[in-house]
Number of protein chains: 2
Amino acid sequence: MLALVRGKTLAAAGQSLGVSYTTVARRIQTIEETMGLQLFERLADGYRPTAAAMAMAEHAARMETEQHALMRRLQGEDQRLTGPLVITAPQLLIGPYIAPVLRHYAETHPDVDLILRATNDLLDLSRREADLALRISGSPGDSPRIKGRKVCAQETASFASLAYAERLDPQLTVDWIVYEGHPHVPRKALERAPSSRVRYVFDDMVAIIGAAQAGLGVARLPLFLGRSSPGLVQVPLLPPQPYADIWVLAHEDVWPSAKVKAFRDMLVPALRARRGEFVA
Amino acid sequence: MLALVRGKTLAAAGQSLGVSYTTVARRIQTIEETMGLQLFERLADGYRPTAAAMAMAEHAARMETEQHALMRRLQGEDQRLTGPLVITAPQLLIGPYIAPVLRHYAETHPDVDLILRATNDLLDLSRREADLALRISGSPGDSPRIKGRKVCAQETASFASLAYAERLDPQLTVDWIVYEGHPHVPRKALERAPSSRVRYVFDDMVAIIGAAQAGLGVARLPLFLGRSSPGLVQVPLLPPQPYADIWVLAHEDVWPSAKVKAFRDMLVPALRARRGEFVA
DNA sequence: ATCCATACATGCATATGCGCATGTCCCTCA
DNA sequence: TGAGGGACATGCGCATATGCATGTATGGAT
């Protein structure tokens with residue numbers, strides 16, 4: 001019901017429920033027959049909810065919230081080290097930093113199934129899209145009831161390919177490769193190289209690194225990324241400066257669960273031990 | 001789940017859910033297997049919920065409340081005059097007062113299925129145990145969100161069998177038959193007949209009337225009851241005095257529904273037209 | 001000590017719900 | 001105007017869940 005109102009089509013609703021769209025259609029039909037009222041208008045391009053369906057969806061959403069709260073609570077009290085553990089982390093941190101921890105964790109707790117979601121989006125920890133999140137974020141208190149622990153500070157600097165760095169002249173025009181979210185030349189860089197300009201705007205960090213490695217220009221990158229990217233060298237256009245910190249986050253209900261706590265206890269020291277890779 | 005926590009036994013839970021207790025047992029078992037945790041301890045005299053089950057029940061109760069709210073809301077918006085309509089009224093009002101209205105209503109709206117619950121308890125209108133209640137009650141605002149309309153005032157007086165009334169002497173001992181809820185001789189009756197005493201305490205109004213008809217003593221009865229009970233006559237021990245009024249009640253969500261409104265519109269005038277039977 | 005009532009466990013036949021495959025309608029695009 | 005795809009409808013075989021009947025254990029009354 002709720003899924004159908006949200007998804008607009010039987011197929012979408014079915015997928016979100018993990019059942020076939022046929023089943024969704026039959027369930028709706030059953031409900032309509034039982035209640036003796038029409039919930040959806042059958043249109044050529046999908047089901048359109050009636051007012052009654054909207055009302056039902058509204059209540060169903062509240063019930064769903066309640067359901068999520070229950071699941072979180074049960075999970076938080078779960079002291080077993082078995083079953084699934086869903087972790088989300090920025091794509092670029094996973095390989096070099098998370099993977100070793102995953103390996104250690106899997107060996108120590110062989111009955112836990114580790115599920116990793118590589119994403120920079122803030123998955124909804126309240127909806128249990130993930131149990132534990134590693135995030136690069138200035139504000140860990142994104143939403144109420146999310147608990148967080150600062151792992152490490154982080155700094156950025158300017159990087160370019162070796163060839164580009166060698167012929168770099170602050171007096172001439174400097175080409176910048178920037179992230180879509182901040183499509184400007186860093187202010188401090190303008191002071192040192194006034195004729196800097198944005199030449200490339202990318203929506204993907206890997207692509208930015210690739211472009212910098214190809215010698216297209218200068219990119220502002222987190223220290224750990226620039227240093228670990230082959231062919232890139234730090235250029236003195238931008239002094240190392242504070243960037244968003246690294247945090248581990250979890251819903252406060254889920255935070256105390258054994259699986260989550262054990263992962264934290266492994267992840268945080270592992271990252272802190274390599275603090276030098278994140279700050280100058 | 002919730003039903004089992006409430007009912008304490010599989011059979012009770014099954015009954016409240018309208019399924020066999022076998023099904024409840026299997027459902028619990030399935031949930032326990034799926035979640036991988038124990039919800040109930042199997043004891044000889046029933047299932048005892050674990051902490052996890054209590055937590056689940058708590059959330060389930062909130063979901064149930066939400067569900068009830070939804071159903072009420074849908075019903076309140078229902079402008080059709082078909083389907084079930086559940087009415088509750090005091091047992092003794094049904095025959096002489098409600099039945100004629102029921103008949104008229106059934107003829108006018110033949111597609112409505114009338115379900116009557118004869119009870120003095122205040123059924124929970126929020127839980128949809130009844131759609132509309134006729135109540136003898138001083139305080140109609142029993143719970144929030146219940147809407148009410150006063151139908152008629154009511155008075156009580158003292159009644160006894162004809163034989164008892166004829167030999168009644170206020171100077172001698174007067175035997176009273178009283179209701180369990182108020183196991184005292186009315187104060188005003190003591191003024192007029194100081195040696196009155198409670199001789200019988202009954203928990204059933206019909207039994208009280210029967211006892212009075214059998215000549216066991218004097219009973220304080222609503223006027224409509226005393227007057228309509230064959231063999232009883234009013235005795236002057238107690239002047240007619242105000243009693244709890246008659247109200248129609250419904251949850252405010254359900255109040256505007258067509259079926260409920262139509263019933264009110266028939267019931268209230270029918271009762272008011274016979275106001276003289278309730279007050280002197 | 002025996003019987004009985006209560007409550008849960010289990011086996012079996014059946015009903016219900018499910019997914020897959022196919023059919024139909026309508027809209028879009030060439 | 002005709003082909004193609006998206007979305008819903010329908011029929012069929014199968015898995016699951018349900019109900020009934022029966023069996024077992026426990027506690028209390030006689």
Side-chain angles (χ1 to χ4, degrees), chain A residues 1-61 63-64 66-67 70-71 74 83-84, chain B residues 1-61 63-64 66-67 70-71 74 83-84:
Chain A
M1 238 299 305
L2 175 57
L4 184 50
V5 172
R6 282 193 183 137
K8 303 287 185 194
T9 112
L10 289 180
Q15 188 163 22
S16 86
L17 293 174
V19 298
S20 130
Y21 77 96
T22 316
T23 303
V24 179
R26 293 214 198 279
R27 292 218 263 240
I28 297 297
Q29 196 178 335
T30 305
I31 297 176
E32 286 185 338
E33 282 165 11
T34 310
M35 315 253 301
L37 54 83
Q38 195 179 359
L39 290 177
F40 292 89
E41 295 173 53
R42 274 73 170 168
L43 267 59
D45 60 338
Y47 272 37
R48 178 134 67 94
T50 64
M54 297 297 281
M56 283 190 65
E58 207 177 283
H59 288 261
M63 292 177 66
E64 190 192 39
E66 194 60 50
Q67 174 78 9
L70 167 62
M71 296 307 278
L74 289 179
Chain B
M1 238 300 305
L2 175 59
L4 183 49
V5 172
R6 281 194 184 135
K8 303 286 186 195
T9 111
L10 290 180
Q15 188 163 24
S16 85
L17 293 174
V19 298
S20 135
Y21 76 96
T22 316
T23 304
V24 179
R26 293 215 198 278
R27 292 219 263 240
I28 297 297
Q29 195 178 333
T30 305
I31 298 176
E32 286 185 338
E33 282 165 11
T34 310
M35 315 253 301
L37 54 83
Q38 196 179 359
L39 290 176
F40 291 89
E41 295 172 53
R42 274 74 171 168
L43 267 59
D45 62 338
Y47 273 37
R48 178 136 64 94
T50 64
M54 297 297 280
M56 283 190 65
E58 209 175 282
H59 289 261
M63 292 178 67
E64 190 193 39
E66 194 61 48
Q67 174 78 9
L70 166 63
M71 296 306 278
L74 289 178

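Here is how names work: the chains are called A, B, and so on, in the same order as the sequence lines, proteins then strands, and each is numbered from 1.
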Report summary line: Given protein heavy atoms under 4.0 Å, the one-letter contact record of nucleotides 10-16 of chain D, with B base, S sugar-phosphate only and - none, is simply BBB----
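Considering only side-chain N and O atoms, B/Tyr47 lies nowhere under 4.0 angstrom from the phosphate OP1 or OP2 of C/dT6.
Each side-chain hydrogen bond (donor to acceptor under 3.5 Å, both in side chains) pair with one or both residues in residues 12-22 of chain B, not counting sequence neighbours, appears once here: B/Ser20-B/Thr22. Applying the salt bridge (Lys or Arg N to Asp or Glu O under 4.0 Å) test to residues at least two apart or on different chains, the pairs with a partner in residues 48-59 of chain B are A/Arg73-B/Glu58, B/Glu41-B/Arg48.
A heavy-atom distance below 4.0 Å to DNA chain C is reached by these residues of residues 1-11 of chain B, ordered by number: B/Thr9, B/Leu10, B/Ala11.
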Query raised in the report: Going through the checks in order, is the side chain to side chain contact (heavy atoms under 4.5 Å, CB included) test met by B/Met63 and A/Leu70?
Result: CA-CA 11 Å; B/Met63 292 178 67; A/Leu70 167 62; 6.0 Å; no
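C/dA7 atom C1' lies 15 Å from atom CZ of B/Phe40, rounded to whole Å. The distance between atom CZ of B/Arg48 and atom C1' of C/dC8, rounded to the nearest whole Å, is 16 Å. In this entry the distance linking CD of B/Gln15 with P of C/dT6 reads 13 Å, nearest Å. Atom CZ in A/Arg42 sits roughly 18 Å away from atom C1' in D/dG6 (whole-Å rounding).
For B/Gln29, the side-chain contact (heavy atoms from CB on, under 4.5 Å) criterion is met by B/Glu33, not counting sequence neighbours. A/Ala61 is linked by a side-chain contact (heavy atoms from CB on, under 4.5 Å) to A/Leu2, A/Arg6, counting only residues two or more places apart in sequence or in another chain.
Across the interface with DNA chain C, nearest-nucleotide mapping of B/Gly46 and A/Arg27 shows B/Gly46 to be the residue nearer the 5′ end.
Minimum interatomic distance between B/Ala52 and B/Leu37 (heavy atoms only, all atoms of both residues): CB-CD1, 4.0 Å.
With B/Glu32 contributing its side chain and B/Phe40 its backbone, the two residues share a donor-acceptor pair below 3.5 Å.
Here the CE-CG distance, from B/Met1 to B/Leu17, works out to 11.0 Å after rounding to the nearest 0.5 Å.
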